[in-house]
Amino acid sequence: MIMLNHPFEEATAIIEELEIHGHQAYFVGGCVRDLLLNRSIGDIDIATSAKPQAVQEIFQKVIPVGIDHGTVIVRHNKQSYEVTTFRIDGSYSDKRHPDDVQFIQTIDQDLKRRDFTINALAMDKDGSIIDLFNGRDDIKHKLIRTVGNGYERFTEDALRIIRALRFSSQLGFVIEDKTLDNIKQVQHQIKDLAVERIANEIVKLFAGDFVNLGIDYLKQTNVYKHLPIMIEYPYIVERIPAPIKPLHSFAEIIALFHHVESEVSIQEWIRQWKCSNKTRIEALQLADALTYYRKYGLDNWLVYSLHHDYYNGFIRLQNLLLPCPSKISRHEIDSIEDQLCIQTKKDLALDGNDIHQLFPNTKKGPWVGHLLDRIEKEVVFDNVTNEKLMIKEWINWNPPEID
Ligand SMILES: Nc1ccn([C@@H]2O[C@H](COP(=O)(O)OP(=O)(O)OP(=O)(O)O)[C@@H](O)[C@H]2O)c(=O)n1
Ligand SMILES: [Mg+2]
């Protein structure tokens with residue numbers, strides 16, 4: 001038995017409440033695995049014999065996020081807990097009714113439907129563990145192994161193939177031989193998955209502490225040949241520098257791939273992987289910064305153009321690509337930032353109106369913007385002081401090309 005501390009202690013109240021109402025309830029999945037591994041606990045998931053309707057009646061604050069699949073979020077002391085009814089998935093045994101799930105009364109069958117032995121653990125409120133598939137042994141031996149027949153587990157949900165690789169990357173675990181064979185047999189089904197689900201797992205894979213192991217599996221299994229863009233440009237995976245360090249976002253991953261094969265535009269990555277606008281902006285900024293660095297190195301303009309939030313991502317990526325002695329530090333970037341005399345174009349001491357007053361007889365046009373761009377660069381590089389008079393003087397010597 002294990003002494004349960006935070007965050008399990010707080011969640012015990014949910015299990016007790018379900019038990020008081022005559023139901024069974026356990027901690028399940030990743031939280032139990034991570035507890036045994038001494039890793040920080042992400043979400044706490046609870047499995048129960050109570051039907052979703054009953055769960056909703058027992059607790060005051062609930063969010064019915066996936067009633068059809070038996071999942072209700074219970075809010076307790078400002079925390080969210082996913083409470084899911086014991087179930088077997090109809091879709092797994094009968095592909096004709098994909099959303100058909102069947103609620104059941106015992107946890108055994110529920111554990112049997114899960115992906116890997118290390119994830120098929122349940123724990124009661126006192127810390128006793130139910131381990132029907134030797135998940136604890138596999139944790140001890142650092143092994144990723146499917147529960148039962150791997151071919152079936154992966155056919156039920158091909159995302160589990162990518163999950164296997166991402167767990168190896170997060171935990172530094174080896175994929176057990178048969179499981180690896182099954183991955184190779186079923187991987188062509190990856191193409192039918194929603195790309196957003198794959199992207200979620202790929203982000204975790206590239207963020208893992210053992211990312212190089214994850215990437216090795218990606219190559220060794222040929223799984224990457226079933227992923228968008230990598231289908232068409234399989235060699236880009238070979239071009240990932242090795243070893244790498246963990247990356248923190250999908251945008252960083254895209255920027256890295258774009259750097260090793262610029263023929264695939266950021267836009268294309270965003271389109272095929274259905275990324276958010278936020279990811280698009282971040283990836284474009286990072287890719288621009290890497291390209292600029294390759295040409296000019298680290299200077300005022302690079303730091304000025306790159307959004308503050310992406311400094312660390314840029315450093316992470318750039319340092320993968322640079323030999324050891326020339327690595328960039330955050331301190332280096334911060335001290336350049338501190339000395340920048342403007343933060344944005346709006347900080348320029350002179351604007352479009354001022355320019356029109358300087359050239360009262362000249363028609364408005366794109367030349368005004370171009371001139372401002374040049375001024376901005378001169379000011380950022382400290383070639384011109386950011387004062388109206390000084391800038392006007394500069395314009396005198398560097399007259400605009402009027403279109
Ligand atoms: N395709 C999937 C996804 C999930 N699960 C089961 O549902 C649990 C919870 O899923 P999820 O939160 O996605 O994964 P975790 O293992 O909890 O990992 P993480 O720590 O990243 O949340 C898993 O442990 C596993 O038992 C599964 O069997 N098959
Ligand atoms: Mg989880």
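Order of listing sets the numbers, starting from 1, for every ligand and every atom in it. Here the structure is a predicted model, which means the values were calculated and not measured.
Set against the non-hydrogen atoms of D157, the atoms of ligand 1 under 4.0 Å away are 1 (N). Of all the atoms in ligand 1, the ones that sit under 4.0 Å from a non-hydrogen atom of K204 are 21 (O).
With sequence neighbours left out, the side-chain contact (heavy atoms from CB on, under 4.5 Å) criterion links S262 to H258. With sequence neighbours excluded, the residues that form a ring pair (Phe, Tyr, Trp, His ring centres under 6.0 Å) with F359 are W367.
Taking the six-membered ring where the residue is Trp, W269 and F257 present parallel rings, their angle staying beneath 30° rather than reaching 60°.
Within a 6.0 Å radius of OH in Y292, more than 12 heavy atoms belonging to other residues, nucleotides or ligands are found.
The shortest N/O to N/O separation between R163 and ligand 1 falls below 3.5 Å.
The nearest non-hydrogen atom to atom 17 (O) of ligand 1, considering only G30, A47, G29, comes from G30. Of the listed options Q170, R166, E201, R166 places a heavy atom closest to atom 21 (O) of ligand 1. Among R33, R114, R153, R113, the residue whose heavy atom sits closest to atom 15 (P) of ligand 1 is R33.
Considering D115, L193, D89 as possible partners of D157, the one that fulfils the side chain to side chain contact (heavy atoms under 4.5 Å, CB included) test is L193. For the side chain to side chain contact (heavy atoms under 4.5 Å, CB included) test with V74, the passing option among L18, I58, V62, I63 is V62; the others fail.
For E156, the closest heavy-atom approach to ligand 1 does not fall below 4.0 Å. Assignment of F116 to the shell around ligand 1 is not supported, since no heavy atom sits closer than 4.0 Å.
Residue contacts with ligand 1 for F154 are absent, since no atom lies close enough (heavy atoms, distance under 4.0 Å).
Salt bridge present: E261 and R239 bring a charged side-chain N and a carboxylate O closer than 4.0 Å.
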